[in-house]
Novice: 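Below you'll find the structure I mean.
The chains referred to below are lettered A, B, ... by the order of the sequence lines, with proteins before strands, and numbering in each begins at 1.
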Number of protein chains: 2
Amino acid sequence: MAKEKDVTTETEILNAAKRVFQQKGMDGARMQEIADEAGINKALLHYYFRSKQLLFEAVFKSLFFVLAPEINKILNDDSSIFDKIKNFTNNYISFVIKHPFLPNFIIQELNRNPEFITKLITNQYFPNIENFKNTVKKEINEGIIKPIKPEQLFINVLALNIFPFVSKPILKEFLKLNDKQYHQLLEDRKTEVADFIINSIKI
Amino acid sequence: MAKEKDVTTETEILNAAKRVFQQKGMDGARMQEIADEAGINKALLHYYFRSKQLLFEAVFKSLFFVLAPEINKILNDDSSIFDKIKNFTNNYISFVIKHPFLPNFIIQELNRNPEFITKLITNQYFPNIENFKNTVKKEINEGIIKPIKPEQLFINVLALNIFPFVSKPILKEFLKLNDKQYHQLLEDRKTEVADFIINSIKI
DNA sequence: ATTTGGTTTAACCATTTGGTTAACAAATCT
DNA sequence: AGATTTGTTAACCAAATGGTTAAACCAAAT
């Protein structure tokens, strides 16, 4: 048997499935399209992953844990809040420009089936907010930043970074920008967003 | 013929379709489910709307122009930026608590088919940002707020208001909150968000 | 060379799904 | 009232779709 080829085919299927599921979602994706994308027969999908549901779950888990480390960058380092925000904003926007369908895919599929997230939370890389909360509280006590609930600050940071990607089609029309102009606006946000947040919370 | 009943049935179908499409999306929705939801035969859907695609477009347009006036509230009034932001934040969060699937539906379907938005922009109620831009520029010149690109401020306002609804399932898990706690957090944002923005841009 | 085991495919199957048809029911018109 | 138009339904249809099967393939072990 071909152990080497084995892994290659399974990976090829998973990669093809990632591409298709990310763009079409669970409901919009077709097994035939995934097979075509992988350049193999449809029956092979079932040979390796049994069903569409199981293939989807493999894809979702894999993609979720591509995104999770990006979130952890703001949660699990020991720098100051200002540095956390600056680094995260700069990194995250670069990251999503490379994975433009990823945030929307995660959000859409978790809205479709919210219970699914319970299958992820046991994973050691599932983002944990405790360290971030402690840092915020500490800097509030030290008089570095204004009082704010850490949860609200966390949501604000994510919102300002993620939303412009998720809502790109509608924002482009509201602002009457073409693709190039919108991309420039996102580039500008690498520093704009951090400044906006820091201006709001610094004393 | 039953003019009265006529309108009632068509409206009933549209309302049922709105409920189903909002929760399941175009790809996940089934004509049979819409018919069941409306309490009528599946053939009637085609009698009134010809095809799933046309029914969907009717639903999408209708729902888009439920949301649009909310966006216009921040764009087309003559109050100061601070008041615009305060009013919008308070109103919008109340509005979406009443229509929890709406923002996600619009975002999801426009990502699925971005060209569709061209069918909306000719409508007189399609949000126009000019007035907002002028007000921001004016208040910057008057030294009331710090320099910021109006487009960036607009995105920030929308992001901070809309994102917590769109990402509810994942944020709930990140923050380890139950439904009631998350709802309280959203209630708090009615004032928190406006304060956060105003703190950032005021001189 | 033959066997053996996993790998891959073409063909097939059952169900779902959007859509149609033809007949029936109920208003409206004359 | 009788004819005509509009509204509604049950039954049906063709295509799409997820999934299965049996046979072919192929590399390694014997």
Side-chain angles (χ1 to χ4, degrees), chain A residues 1-63 105 108-109 112-113 116 119, chain B residues 1-63 105 108-109 112-113 116 119:
Chain A
M1 64 185 144
K3 273 276 167 61
E4 178 92 15
K5 192 88 191 309
D6 215 356
V7 177
T8 302
T9 301
E10 188 169 342
T11 309
E12 194 55 58
I13 291 175
L14 202 60
N15 286 337
K18 283 180 190 173
R19 292 192 290 273
V20 174
F21 275 130
Q22 268 190 100
Q23 295 206 40
K24 307 270 175 100
M26 171 66 172
D27 291 332
R30 295 289 164 257
M31 293 297 267
Q32 187 60 57
E33 187 179 356
I34 295 172
D36 293 346
E37 179 84 17
I40 48 116
N41 186 288
K42 184 162 66 86
L44 256 199
L45 300 182
H46 293 92
Y47 177 78
Y48 281 102
F49 291 91
R50 285 244 322 271
S51 68
K52 185 184 183 184
Q53 178 65 26
L54 287 175
L55 176 56
F56 172 79
E57 290 183 14
V59 164
F60 187 89
K61 279 183 192 169
S62 174
L63 288 178
F105 171 72
Q108 175 183 333
E109 295 302 330
R112 195 177 60 84
N113 182 11
F116 191 66
K119 294 185 181 174
Chain B
M1 65 183 146
K3 272 277 168 63
E4 180 92 12
K5 191 90 191 309
D6 213 355
V7 176
T8 303
T9 300
E10 188 169 341
T11 310
E12 195 55 59
I13 291 175
L14 202 59
N15 286 337
K18 282 179 190 173
R19 292 191 290 272
V20 174
F21 275 129
Q22 267 190 101
Q23 296 206 40
K24 307 270 175 100
M26 171 67 172
D27 291 332
R30 295 289 163 258
M31 293 298 268
Q32 186 59 57
E33 188 180 355
I34 295 172
D36 293 346
E37 179 85 16
I40 47 112
N41 186 288
K42 183 162 66 86
L44 257 199
L45 300 182
H46 293 91
Y47 177 80
Y48 282 102
F49 292 92
R50 285 245 319 273
S51 69
K52 186 185 184 186
Q53 178 64 26
L54 287 175
L55 175 56
F56 172 79
E57 291 184 13
V59 164
F60 188 89
K61 281 183 191 169
S62 174
L63 288 178
F105 170 73
Q108 176 184 333
E109 295 303 328
R112 197 177 59 85
N113 182 11
F116 190 66
K119 294 185 182 175

Novice: In whole Å, I'd like the distance from the CD1 atom of B/I13 to the P atom of D/dT8.
Specialist: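 Spelled out: CD1 on B/I13 to P on D/dT8 is 8 Å.
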Novice: Apply ring pair (Phe, Tyr, Trp, His ring centres under 6.0 Å) to A/F56 and A/F49, showing your working.
Specialist: CA-CA 9 Å; A/F56 172 79; A/F49 291 91; over 10 Å; no
Novice: Across all strands, who's sitting opposite D/dA29 as a Watson-Crick or G-U wobble pair, both distances under 3.5 Å?
Specialist: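 Base-paired to C/dT2.
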Novice: For A/A35, which contact category applies under a 4.0 Å heavy-atom criterion: base, sugar-phosphate, or nothing?
Specialist: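 Nothing: the residue A/A35, judged by heavy atoms under 4.0 Å, touches no strand.
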Novice: Under 4.0 Å from OP1 or OP2 of D/dG19: is there any side-chain N or O of A/Y47 that close?
Specialist: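 It does not, given that no N or O in the side chain of A/Y47 lies less than 4.0 Å from OP1 or OP2 of D/dG19.
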Novice: Expressed as a whole number of angstroms, how long is the span from B/M26:CE to C/dT17:P?
Specialist: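 Roughly 14 Å, once rounded to whole Å.
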Novice: Is the shortest side-chain heavy-atom distance between A/E57 and A/F60 below 4.5 Å?
Specialist: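 A/E57 vs A/F60: side chains apart.
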Novice: In whole Å, what is the span from the CG atom of B/L54 to the P atom of C/dG18?
Specialist: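 About 14 Å, once rounded to whole Å.
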Novice: Quickly work out the A/I34 CD1 to D/dT17 C1' distance and round it to whole Å.
Specialist: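 So the CD1-C1' distance, A/I34 to D/dT17, works out to 12 Å.
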Novice: Which one, D/dG18, C/dT9, D/dT9, comes nearest to the side chain of A/A43?
Specialist: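 Minimum distance to the A/A43 side chain belongs to C/dT9.
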Novice: Report the distance from atom CG of B/N41 to atom P of C/dA23, rounded to the nearest whole Å.
Specialist: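 So the two atoms are 17 Å apart, to the nearest Å.
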Novice: Using the side-chain heavy atoms of A/K52, tell me which of these nucleotides is nearest: D/dA10, D/dG19, D/dT20.
Specialist: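 The nucleotide sitting nearest to the side chain is D/dG19.
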Novice: Give a yes-or-no answer on whether the side chains of A/E109 and A/N113 include a donor-acceptor pair shorter than 3.5 Å.
Specialist: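 No, because no side-chain N or O of A/E109 sits under 3.5 Å from a partner of the opposite role on A/N113.
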Novice: With a 4.5 Å cut-off on side-chain heavy atoms, are B/I34 and B/F21 touching?
Specialist: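 Of all side-chain heavy-atom pairs linking B/I34 with B/F21, at least one is under 4.5 Å.
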Novice: Quick check on C/dG18: is either OP1 or OP2 less than 4.0 Å from any side-chain nitrogen or oxygen of B/R30?
Specialist: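 For C/dG18, OP1/OP2 do have a side-chain N/O of B/R30 under 4.0 Å.
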Novice: Can you tell me how far P of D/dG19 sits from NE2 of A/H46, to the nearest Å?
Specialist: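 Those two atoms, NE2 and P, are 4 Å apart.
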Novice: Rounded to whole angstrom units, what separation is found between the CD atom of B/Q32 and the C1' atom of C/dG19?
Specialist: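 Rounding to the nearest Å, CD of B/Q32 and C1' of C/dG19 are 12 Å apart.
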Novice: Measure the shortest side-chain to side-chain distance between A/M26 and A/Q108 over non-hydrogen atoms and say whether it is less than 4.5 angstrom.
Specialist: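 No, side chains not in contact.
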Novice: Nearest whole angstrom, please: distance from the C1' of C/dG6 to the CG of A/L44.
Specialist: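 It is 11 Å, rounded to the nearest whole Å.
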Novice: Checking all strands, does A/L45 fall into the base, sugar-phosphate, or nothing category for heavy-atom contacts under 4.0 angstrom?
Specialist: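 Result for A/L45 = nothing.
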Novice: Is there a donor on the side chain of A/K42 or the base of D/dG19 sitting less than 3.5 Å from an acceptor on the other?
Specialist: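 Yes, the side chain and the base share a sub-3.5 Å donor-acceptor pair.
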Novice: Any side-chain N or O of B/S51 less than 4.0 Å from the OP1 or OP2 oxygen of C/dG18?
Specialist: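 Checking C/dG18 against B/S51, no side-chain N or O comes under 4.0 Å of OP1 or OP2.
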